[in-house]
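Letters A, B, ... mirror the listed sequences (proteins, then strands); counts begin at 1.
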2 protein chains.
Amino acid sequence: MSKDLQVANLNQLQAAPAGLDGNSPGATAPMDPGSELDDLERRAWRAFLSRHARVARILEADLLAHNDLPLAEFDVLFQLAVADGHRLRMNELANRVLLSRAGITRLVDRLVADGLVARAKCDVDARGSYAVLTDRGRVRLDEARPGHLTAVKRYFVESFSRAELETLAELMERSIPAN
Amino acid sequence: MSKDLQVANLNQLQAAPAGLDGNSPGATAPMDPGSELDDLERRAWRAFLSRHARVARILEADLLAHNDLPLAEFDVLFQLAVADGHRLRMNELANRVLLSRAGITRLVDRLVADGLVARAKCDVDARGSYAVLTDRGRVRLDEARPGHLTAVKRYFVESFSRAELETLAELMERSIPAN
DNA sequence: GTATAGTAGTTGCATGAGCAAGGATTTGCA
DNA sequence: TGCAAATCCTTGCTCATGCAACTACTATAC
């Protein structure tokens, strides 16, 4: 019996010429896709989405398999590690990890439960609190980091030349219209 | 009392110079980020992640607010609409929507419950089944599409020139190393 | 033609995320 | 000073997703 690993799906993404797979051409014709997005625009948009989905899933699975650490938790540990005093306000953490505040609260809860992070009161603002990297958290991070960075290189960075990375960074950093 | 809309977080992402937000510089120094990823590599990678997270969340929220339709469901309706016979095998659908097969099963379940999609047996392969767009699904899609495409343009496409879109598409379409 | 391996789809389970709302505190402004 | 509005974080709720395992069926090999 095969392992039926469903991530394997992702490897077929680029092939799939459509119309194969045994589907008989139905009676109705395909709908006109609409003129709102032209081919190039749609191509770029889909490629962007697809690339992200695939890379993100590979990295997540990789980190989970090798270090039993979800990507989001790794990211929190990393952000704390590079932060001044190995600590960050919850809000700031949420921004850096690209998560909602509610999400960060729960995520830090888990890390605290595992002893990888501690909470600390904020004296400047009684509403606030810090997440602080513990020694165990640091160890855990150091164990996971090399493998993860290797994976990031393999599945993202190495697809591009230096100049392309520069271009990519510049394009992706462009500001997004507010509201 | 404010609405406390947490998506607002995302608007701060580009600012956040770190060290503000009332955190006092702790006793310990920031850790060396490690030499595994240099500045440019990290910049490109983070920008890519950040861009995706922000655009995806904006589009999701937008579609949900205006059409009460999650992005994934919209995507399924759309993929079915452009498909031959307005129908697709579950597997193929999973690939196109960038979801696992399990995910697609559940998603189609929901759409069937809402009457937007129907299932059909596959005569060529008794294991398979089709998801078929219903009339209601088609109507629903047509209602949602203009707004969504406008949003895609606004928050993604219009950030780039034609040449840049071409570059972006080319870069993102590059194959990802297997395994 | 039968056994074995592989594939299509679904389901159990666990997890993770977001929004909305709430409590506590701080800020702004009258 | 005092009160309304904004901010920080948390919690209740709901929902969506992935993996692993399972059933049913097909393809392959012998």
Using the 3.5 Å cut-off, write out each protein N or O paired with an N or O of nucleotides 27-29 of chain D and the distance between them.
none

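Between the CZ atom of Arg89(B) and the P atom of dT26(D) there is a distance of 11 Å, rounded to whole Å. Leu71(A) has its CG atom 14 Å from the C1' atom of dG18(D), to the nearest Å. Whole-Å rounding puts the Leu99(A) CG to dT15(C) C1' distance at 13 Å. Following rounding to the nearest Å, Asn91(A) (CG) and dT25(C) (C1') show an atom-to-atom distance of 14 Å. Distance, Leu64(B) CG to dC15(D) C1': 11 Å, rounded to whole Å. Between Met90(B) atom CE and dT7(C) atom P there is a gap of 18 Å when expressed in whole angstrom units. Note: NZ (Lys121(A)) to C1' (dT25(C)) measures 11 Å, nearest angstrom. When the C1' atom of dG9(C) is taken as reference, atom OH of Tyr130(B) falls 14 Å away, rounded to whole Å.
For Asp135(B) and Arg138(B), the salt-bridge test fails: no basic side-chain N is under 4.0 Å from an acidic carboxylate O. Using a 4.0 Å cut-off between charged nitrogen and carboxylate oxygen, Asp62(A) and Arg57(A) do not count as a salt-bridge pair. Note on Arg174(B) versus Glu164(A): salt bridge recorded, some NZ/NE/NH1/NH2 to OD/OE distance being below 4.0 Å.
Remark: Arg101(B) is not in phosphate contact with dT10(C), judged by side-chain N or O atoms under 4.0 Å from OP1 or OP2.
Here Asp75(A) pairs with Arg46(B) under the salt bridge (charged side-chain N to carboxylate O under 4.0 Å, His left out) rule; sequence neighbours left out. Under the side chain to side chain contact (heavy atoms under 4.5 Å, CB included) criterion, Ala47(A) pairs with Met172(B), Glu173(B), sequence neighbours left out. Residues satisfying the side chain to side chain contact (heavy atoms under 4.5 Å, CB included) criterion with Leu40(B), sequence neighbours excluded, are Arg162(A), Leu165(A), Glu166(A), Asp38(B), Arg43(B).
Note: Phe74(A) CZ to His148(A) NE2 = 4.5 Å, rounded to the nearest 0.5 Å.
In this model, a donor atom of one side chain and an acceptor atom of the other lie less than 3.5 Å apart for Ser159(A) and Arg51(A).
Comparing dT26(D), dT17(D), dC19(D) by their closest approach to the side chain of Ala102(B) singles out dC19(D). Each of dT26(D), dT25(C), dG9(C) was ranked by its minimum atom distance to the side chain of Ala126(A); first place goes to dT25(C).
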request  = Quick one: do Arg54(A) and Ser50(A) satisfy side chain to side chain donor-acceptor pair (under 3.5 Å)? Show the steps, please.
outcome  = CA-CA 6 Å; Arg54(A) 292 189 289 152; Ser50(A) 169; 3.3 Å; yes

request  = Please report the C-alpha distance between Arg42(B) and Asp39(B) in whole Å, then the side-chain angles of each, then the deciding distance to 0.1 Å, and finally whether the salt bridge (charged side-chain N to carboxylate O under 4.0 Å, His left out) criterion is met.
outcome  = CA-CA 5 Å; Arg42(B) 192 163 42 242; Asp39(B) 278 353; 3.0 Å; yes

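Near DNA chain C, meaning a heavy atom under 4.0 Å away, the residues from residues 104-120 of chain B are Thr105(B), Arg106(B), Arg119(B).
Between Phe48(B) and His52(A), the ring planes are tilted. Angles from 30° to 60° get that label. Ring geometry for Phe160(A) against Phe156(A) counts as perpendicular: the plane angle is over 60°, on a 0 to 90° scale with 30° as the lower cut.
Taking the nucleotide of DNA chain D with the nearest heavy atom to each of Ser129(A) and Glu73(B), the more 5' of the two is matched to Ser129(A).
Note that the two end axes of the helix from dG1(C)-dC30(D) to dA30(C)-dT1(D) enclose an angle of 30°, each drawn from 5 base pairs, rounded to 10 degrees.
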